[in-house]
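Convention: sequence-line order gives letters A, B, ...; per-chain numbering from 1. When reading the values below, keep in mind they use all heavy atoms of this one structure, side chains included, and skip hydrogens, waters and symmetry mates. Note that the structure is a prediction, hence the values are computed from the model and not measured.
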Amino acid sequence: MTTMTSNPAAAPLTVAVPPRRRKLPGWASGMIWVALAVAVLTTASYLTGVPQLTSSGTTQTAVVLALPILLAGLGGLWSERAGVVNIGLEGMMIFGTWGAAYGGYYWGPWAGLACAAAFGALGGLVHAIATVTFGVNHIVSGVAMNLLGAGIAKYLSTLIFEPLSHNPRSSPTVPKFDTYSASGLSDWLQQLEQQQRVGISDVAGLLRGIVTGVSPMTMVTIALVPITFLVLWRTRFGLRLRSCGENPVAAESLGVNVYLHKYVAVIASGALAGMAGAALVLNPGQSGYLEGQTNGRGYIGLAAMIFGNWRPGGLLGGAALFGYSDGLQLSSGGKTVLALIYGAVLLLAVLVIVQLVRRKWLAASVGFVAAGGLYAVYWSVDSLPTEFTPYLPHFVTLIVLTVASQRLRPPAADGFIYRRGQGD
Amino acid sequence: MNLLRGKLMPPLLAIVFSALLCSVALVISGSNPGTALSAMVSQVGHGTTAVDIVNSASVYYLAGLAVAIGFKMNLFNIGVEGQFRVAAVTAAVVGGALRLPPVLDAIVILLVAVLTGALYAAIPAVLKVTRGVNEVISTIMLNAIAMGIVAYMIRPDVFGVLHGNNISTAEIPTAGQVPGISFGSGGTVFGLVILAAAIGVGYWVMMNRSRFGFELRASGESPTAATAGGVNAKKMVLTAMLLSGGIAGLVAMPELLGRDHSYGIISPAGYGFTGIAVALLGRNHPGGVAFGALLWAFLDKSALALDNVGVPKEIVTIMQGTIVLSVVVAYEIVRRVELAAEQRRVGRELGNTGGTPPQPAVASAGGES
């Protein structure tokens, strides 16, 4: 999908990656990124005098908003690791929103989640039949899935929800999961946050948002990240699945049933996308199914996965980024978004210095110009037009992809149509 | 004869298959598919429906051609939606402010639309060739951002005008409007339907009779062969995307200059996505896309009759979705069947009747022209 150059963490099946400098293990570089992000936000919040940047309210909204993106991204990860591009995530998510509302309305939130996963998996099955068995171009099939998802959800909603809610575009109110808070910890962090001490209060605010009002949906989703990692990278099945995405001909020559693994991967991908839809419907802020509710989140999930370099840890970072920018614009609006631009200037400044040290003059000058431009925006306007703030996550996606996409390495056979016996 | 069968069979199969699927859905939900179908067909004769179908089809046709140019070289311009909306609002703002003699005024508005569409398409194109950003993701993000741009442009303190409860751009004067062809009580066909048809012809000539078209198709069928033949891949991506965006810019023009004369928040949207479906249905061929556009417009417009016979008209969206999916599958099946037939024929002619048939490498690029 993107140009490939170097590879920070070589997947086992690639051949002859040129030796690179010893890099930090994944968890360590992850911690460094988290620390950097917190430092930038804290500094920006202090220098601009906008406490919402690190308030617990923002983080709490961000977590809720990051869930669908994270789940959709995991869905994309499963299918693309097996070599099937899944642009149809959006359509499967729409299936999921309908299924969640249906199951949730009749039998409660857990059933809603299961229904959503089942509906999404059905969507995945259709995509798998088209792409794996019939060898249709993956993007074409995905686009068709999105059309189909929107159409079927609309039809079913008119048929089943309209008599209940008297509105063809929405479902009746769906019961939600109870939320839990780590009460002692949460209160202590609240005290710290209210003291308004530089640094400590900011970190307390960010942490409190994460431990307050946690629903089982959040726990399940977060747990799925390590589970995905363990299944795909630490089991025989995962190795075989990924080998189908890297070199299906070689995989088949070793006796791996490529079609079966691709089917499993794409169906799992659909189920995860369906759960992403459920995360939207069962979100405490929503009443239930609503037409157009997904609003491109399936695509943002895919972008988060690309940002995360087709790995679960990176995907978590991407989802957090998009969830945060979405939560920020929703909970506070134009002025706070400006403060975030200020934060971006700070981050760019750090990156420019790093590039200067590495003597990458071109990258440094591009970063410098971008930082200057953003600072000019921050300096010249009081508040961003409210028409643009809802699209902050989309802007962030574009910018992040522009900055990131050259150091990424997608699975080698991602998006290629494979037919059994092709390598003979 | 064989060639014709290969081209016509898949869409027909797909339509029959999705009609069957929808009939099943209708029977399950307790309606009669027969009455639904006859209601839809007889709706064409009522009032202005026939003219409406032609008008909508012209819009879908432009969108379909815009998408098809990209598809021809495996470039997925999902951003036709955003490109056409930004172009429409810009053209409407310019048209509302311009005071030029007739004809010239309309031409300037059309040019502005084409340029804006191309410019908005240039963003993903440049990102793709310089930074390798996947165009599907970037155009989808730009589609969303386009909604923000439209909302901002028609704000009363920017370029918008308040009409009662409705905000839109200033009215385009008569000089900038394009008169239609009136059929009395049957409605008025947009004048720009002719432009849409002309662009279809131009598309065919460009694809099949120009060097650029050849290079474009070559890049789509086999990027490596095209590069070996001296085609500059980056330049092709840029040009194809700009052309696609330029045509996308025209999508809203038949309605803007022929009926609405101003662009507002409630102006119709979603044509870009219809364009994708229509291009897939028509196999990126100008004739096929025209057929797809007419079919789509027929389904959309005569769906209104379904409510009268007690069938939810959303069944039509299911039908449209299944048509697209089954048409791509059907093309693939027909291609494989033909390939196998070809192999058998070659085997017979070489007298290689016994033993294993020869197995030529299967082309992975599933396109035909």
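Using a 4.5 Å cut-off between heavy atoms, B/Ile276 touches chain A through its side chain atoms alone. The parts of A/Ser141 that come within reach of chain B are both its backbone and its side chain, each placing non-hydrogen atoms under 4.5 angstrom from that chain. Interface remark: B/Ile333 contributes side-chain atoms only to the contact with chain A (heavy atom separation under 4.5 Å). Of the atoms belonging to A/Phe388, it is side-chain heavy atoms, and not backbone ones, that fall under 4.5 Å from chain B. Residue contact with chain A, scored on non-hydrogen atoms closer than 4.5 Å, involves the backbone and the side chain of B/Leu325 alike. Only the backbone of A/Thr133 comes within contact range of chain B, with heavy atoms under 4.5 Å apart. When heavy atoms are compared at a cutoff of 4.5 Å, A/Leu159 approaches chain B solely by way of its side chain, counted from C-beta outward.
Between the CD atom of B/Glu332 and the OG1 atom of A/Thr131 there is a distance of 11.0 Å, given to the nearest 0.5 Å. Remark: A/Tyr299 OH to B/Thr139 OG1 distance equals 9.0 Å, nearest 0.5 Å. Rounding to the nearest 0.5 Å places CZ of A/Phe134 at 8.0 Å from CZ of B/Arg336. Atom OH of A/Tyr391 and atom CG of B/Leu142 lie 12.5 Å apart (nearest 0.5 Å).
Between chain A and the options B/Ile123, B/Val324, B/Ile145, the largest number of non-hydrogen pairs under 4.5 Å is found for B/Ile145. When the candidates B/Ala277, B/Ala144, B/Ala151, B/Ser326 are compared by the number of heavy-atom contacts under 4.5 Å with chain A, B/Ala144 comes out ahead. Ranked by heavy-atom pairs under 4.5 Å with chain B, the list A/Ile300, A/Ile129, A/Thr158, A/Asn137 is led by A/Thr158.
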- Task: Go through A/His394 and B/Met147 one step at a time and tell me if the side-chain contact (heavy atoms from CB on, under 4.5 Å) criterion holds.
- Result: CA-CA 12 Å; A/His394 305 89; B/Met147 291 201 277; over 6 Å; no

- Item | Working for side-chain contact (heavy atoms from CB on, under 4.5 Å), residues B/Gln320 and A/Leu148 | CA-CA 8 Å; B/Gln320 291 173 335; A/Leu148 203 60; over 6 Å; no

- Intermediate values then yes/no, side-chain contact (heavy atoms from CB on, under 4.5 Å), A/Val140 and B/Phe76: CA-CA 9 Å; A/Val140 169; B/Phe76 293 93; 4.1 Å; yes

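In this structure a side-chain-to-backbone donor-acceptor pair under 3.5 Å is missing from B/Arg155 to A/Glu387.
Looking at residues two or more places apart in sequence or on another chain, you find no salt bridge (Lys or Arg N to Asp or Glu O under 4.0 Å) involving B/Arg85. The salt bridge (Lys or Arg N to Asp or Glu O under 4.0 Å) check on A/Glu90 picks up nothing, with sequence neighbours excluded.
Sparse packing is recorded around CZ of B/Phe17, with 12 or fewer heavy atoms of other residues, nucleotides or ligands lying under 6.0 Å away.
The two residues B/Ser138 and A/Leu398 have their closest heavy-atom pair at CB-CD2, 3.6 Å.
If you run side-chain contact (heavy atoms from CB on, under 4.5 Å) between A/Lys154 and each of B/Ile318, B/Thr317, B/Val316, B/Ile315, only B/Thr317 comes through. Under the side-chain contact (heavy atoms from CB on, under 4.5 Å) test applied with A/Ile87, the options B/Val136, B/Asn134, B/Ile78 reduce to a single match, B/Val136.
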